[in-house]
Structure formats: C-alpha cells, structure tokens
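Naming: A, B, ... by sequence-line order, numbering from 1 per chain.
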2 protein chains.
Amino acid sequence: MVAPSPFQRRPVQSRRGGPTKSPLSRDAIVTEALRQLTKFGLAGMSLRKVAAALDTGPASIYVYVDDLEELYALMLDRALASVELGGAHKATWRERVRRVLESYARVLAAGPGLAELALGTVAVGPNALRITERLLELLEEGGVELATGAWAVDLLVLYVTAVVAEHANGLDPAAPDGAVSRAIAGASARDYPRVHAARALLLSGSPEERFTWALDVFLAGILQTPRTARAGASKPAKRKP
Amino acid sequence: MVAPSPFQRRPVQSRRGGPTKSPLSRDAIVTEALRQLTKFGLAGMSLRKVAAALDTGPASIYVYVDDLEELYALMLDRALASVELGGAHKATWRERVRRVLESYARVLAAGPGLAELALGTVAVGPNALRITERLLELLEEGGVELATGAWAVDLLVLYVTAVVAEHANGLDPAAPDGAVSRAIAGASARDYPRVHAARALLLSGSPEERFTWALDVFLAGILQTPRTARAGASKPAKRKP
DNA sequence: ACCTGAACACCGTTCAAGT
DNA sequence: ACCTGAACACCGTTCAAGT
C-alpha cells in the first residue's frame, strides 16, 4: 500500500458556501499561500496566516492538506505552471534550452521565497514533469543521448534553482554592502593572495551575465561528457581496464 | 559605519565558571549547536535547546551571538575547517580539484542539516575563504584564467552544496520509495514520453557516479568557456558585432 | 559587563467536539 | 463528511531586572 500522490487525490466536498463565506478548497488554500509567499517570503507565510486569511482556524487547513510539506509541493507545482516551454521556433536548440531555463528562473524569482521553497521541495508535480519532458526533448534535438540527458536535466535545473535561491536570499554577490562583499574585500593579500587578486572579479558580473556564462559551461560540458563511452571525452575514464 | 563581521569581534569575558558551571563562550555555543545539528538535523536544533544543554536560559545566547543567522554562519565555518585541501601531490590538477570538492561534500554530508544550512547561509568565514583560495590555485594550475576561475569556483561550490543538500533532505533520487521515484514511475507514456522512456535512467546511478560525472561536465565546460574572448569557445558570442 | 527568568508574539499539529 | 476552537508543545527574540 502506497500513499497516493497529493497531485491525484479524491476531491473534498466543501460545506461552506453561501453569501458569507466562500467555500474552502485546496485551490483556495494554495492560492492564498502562494500570495503570501511571493509577497512576504517563506518566513512571512504560515498555515495559520493562510487559515486566518480564509476566515477559519488553523485546523481547517488539514482537511485539504496533510501537512506543510505537502502544501509546499502543491504551491511549487502551481507556480511552475507558468514556466514557458516555447513552441517550435527557428532558434537553435541551445537557445531554446536557455529560454526555458530563463523562464524557469524568472518564475522562481517572481517574489521572495519561491526559489527558497523550490530548493527544499522535490518538484514532482505535473508541471515539473512537463519541464523535464521539454528539456529532454531539446537535449535530444541537440544530439545528447537519453542516458546523458536524464542526468543533464537534473544538473541544469538544480543549478538554476540554487542560483536563484542564493540570489533571492539577499546573498547577491553583487550587493556591495553584503556580507560576501565585505568578506572578500577584507581578505588579506598575505593569507588569501588569489582571493585578494580576484576580489573584483569574484564580485563582478550581473546575475544575467553569470547565468548565461554558466549555461554555456554546462552545455559545452554536457556535449563533451556523454555517459556512454564515445569519442570526444576529453579524458578517458580508465576505471575498468 | 559598517557592522563588524562575526568572525572578528571583541571577545566576551564570561562570568560563569567555578566547579558547577563551565563558563559560557561562543565556542561552546557553536560546538553544542553543531552537535545538535549533525545529530538531529536543522529542525532538531534550536537556540533554546542549545541554551538548555548549556544549562542556561535562551536569553544568555544573545550575549555571544547576535541572532540565529549569525550562529548559522559560525557553525558553517567551524564545520568547513575540516575540509581537506590536499598538499602538493603528483595527481593531476583535475584530480585534486575533485578531491577538494569531495572532501567538502563529505563534510557537508557528515550529518543531516549541515548541507541544508550551507544552502541558506553565505559562507564567508576564514575557512570558506581558504577553500576558495585553494580552488582558485588549482584552476590556475589547470590554465584557467583568474577571471574565469573566479566565477567557476562559485559554480562548483554552489553545485556541490546543492547536490548534497538535496540528497541529505531525503530527496535521494535513488530511493525507490520516495516521492521522486513514484512520480517518475507514474509518468504516463502519452503525456511524458521521454520522461517515461528515461524513467530508469533518471533514477539510475549512485550519488558518487553522478557527482563524478557532473565534475567532468563542469571542468570540460569551464576549460572551453573562458570569459575573455579566446580561441576554443564552441560558439562565438556574437553579441556585439 | 555578563547573565538570566519571564514575557511576547508567534509556529505546526492534534483533539474533541460540533454540524 | 466537513469544519472548527482550544489546547499542546514548541519556536526566536526582547525586557527588565539581577550580579
């Protein structure tokens, strides 16, 4: 017996309604939670506040949602619905991979909290699957074998999520007053000669520039590192002789 | 006026001591917090529990630490002290980069919570700087220019942190009973043909195999994608004609 | 100056009733 | 069956005193 996924569960018949209160529903809960999340960040959202906004007590939420973690998963997938996968365009497959990931990044960066939530939550809803499907398709178009593509999609999505989350946490390396800047600026030339020498470089570049560069790194690396033995690997594996 | 970094602050003279209570200290607080973190995970650690273990009330902690976030930063840097940077060996620079990152990954994976903490905390203590310094050195040895290396180190460390955190959160893609496995196994061939076709591949590979593969991807990509215009870029930038 | 108990303003989750 | 107020067992942080 396996617990059913939260994405496919018997609907619940609300008993509220009429003129005073709109009926509760999983949808309404997710919508309100997402509103709070994107407006106030992860710490600014809570089950209790969602319940209060929906004019009920905290216990009522549990009729529609098992726990906070499940709510997170539902929220994330709802948000991922607006990621644009692009149609059949004339752009290169690389360009189209970039666009999908940029759209994904933009969705996560829409407000504080979403990216943070994405890092701690496994995205396995239908919309996450749609994104995975699309990226596999584009990589296939680029000649990446399925075995390699399967791992590559993981890598790409994880990286983008982490970058946006780091950034959204106010850890913007570019922020000149942040802890990062101060630490790097304060690194002594004696103890950390390279950090010191590279201090301007470490803090340079807009998020977009870094993102674009990172994608180039990934795609170049992926094309050159198939999982199946093949010509082109820069360094033969040499594990089993 | 800039607030001083928590890593360089006037020490506090404890007034406890004698036979009954060992004196409070920032060190003792960090040690106990780290013990709780690696034993019980991030959710299993709290300022109140640390205070209780140190035989005092929660308010006492605030004499040594500004807030929870600062404590997190101190804990992370303390943990990073045990990352092995390796000496001058005969191994390739690539191999040595791999070893440093593997050591970093192993330290974060030592117990639940540490990697999770690392994702939400900017690592800017002396030990984080040591690691950055070392990686810059190794990349330099590999012929990577400083401008490229500066961004590359960020990329590498962020990825490794994210992988370990994802893994430590029980989101192990390999776990056959996890939400990930169920979602992928349940992806219909009609709606998600490639996810369906790749379902075994998406779940395949030990964490170590994936890690090793990802590093190969990164290093191959980094070598091929210098930030300064140079021969070898697989696709000319063509932004300013 | 260090140290602390008590209070403040919150959490997620469960229980026991209501309809 | 849905819905809910109240209770339970927690949080981080601040205040106002103690030494």
[atom1] of [X] versus [atom2] of [N]: gap in Å, rounded?
X       : N      : atom1 : atom2 : value
A:Asp67 : C:dT14 : CG    : P     : 8 Å
A:Gln36 : C:dC11 : CD    : P     : 9 Å
B:Arg48 : C:dC8  : CZ    : P     : 13 Å
B:Ile29 : C:dC3  : CD1   : C1'   : 11 Å
A:Leu42 : D:dC11 : CG    : P     : 19 Å
A:Asp55 : D:dC3  : CG    : C1'   : 13 Å
A:Tyr64 : C:dG12 : OH    : P     : 19 Å
B:Glu69 : D:dT13 : CD    : P     : 9 Å

Nearest listed nucleotide, side chain of [X], among [options]:
X       : options               : answer
B:Leu47 : D:dT13, C:dC3, C:dG12 : D:dT13
B:Ser60 : C:dC11, C:dA6, C:dT4  : C:dT4
A:Ala59 : D:dC2, D:dA6, D:dC15  : D:dA6
B:Leu24 : D:dG12, C:dT13, C:dC3 : C:dC3
B:Pro58 : C:dC3, C:dT13, C:dA6  : C:dA6

**Distance-only polar pair, side chains of B:Arg98 and B:Thr212, donor-acceptor under 3.5 Å** =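 No donor-acceptor contact under 3.5 Å links the two side chains.
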**Asked** According to the Watson-Crick and G-U wobble definitions, with both distances under 3.5 Å, which nucleotide is paired to D:dG12?
**Response**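 WC or wobble partner is C:dC8.
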**Asked** Which base sits across from C:dC2 as a Watson-Crick or G-U pair, both distances under 3.5 Å?
**Response**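 D:dG18 is the nucleotide pairing with C:dC2.
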**Separation between the P atoms of D:dA9 and C:dA9, rounded to whole Å** =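 Per the computed distance, 23 Å lies between those P atoms.
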**Message:** Under 4.0 Å between a side-chain nitrogen and a carboxylate oxygen: does that hold for B:Glu137 and B:Arg134?
**Reply:**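 Yes, B:Glu137 and B:Arg134 are salt-bridged.
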**Message:** Under 4.0 Å between a side-chain nitrogen and a carboxylate oxygen: does that hold for A:Glu32 and A:Arg35?
**Reply:**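 Salt bridge present between A:Glu32 and A:Arg35.
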**Message:** Counting only side-chain nitrogens and oxygens, does B:Lys49 get under 4.0 Å of the OP1 or OP2 atom of D:dC11?
**Reply:**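 Indeed, a polar side-chain atom of B:Lys49 lies that close.
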**Prompt:** Is the distance from OP1 or OP2 of D:dC3 to the nearest side-chain N or O of A:Thr56 less than 4.0 Å?
**Reply:**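 For A:Thr56, the contact criterion (side-chain N or O under 4.0 Å from OP1 or OP2 of D:dC3) is not met.
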**Asked** Less than 4.5 Å apart, any side-chain heavy atom of B:Met75 and any of B:Gln36?
**Response**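 Not touching, per the 4.5 Å side-chain cut-off.
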**Request:** Classify the angle between the aromatic ring planes of B:Phe218 and A:Phe218 as parallel (below 30°), tilted (30 to 60°) or perpendicular (above 60°).
**Result:**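 Answer is tilted, since the angle falls between 30° and 60°.
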**Request:** Let me know, please, whether B:Tyr62 or A:Asp66 comes out on the 5' side of the other along DNA chain C by nearest nucleotide.
**Result:**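 The 5'-side residue here is B:Tyr62.
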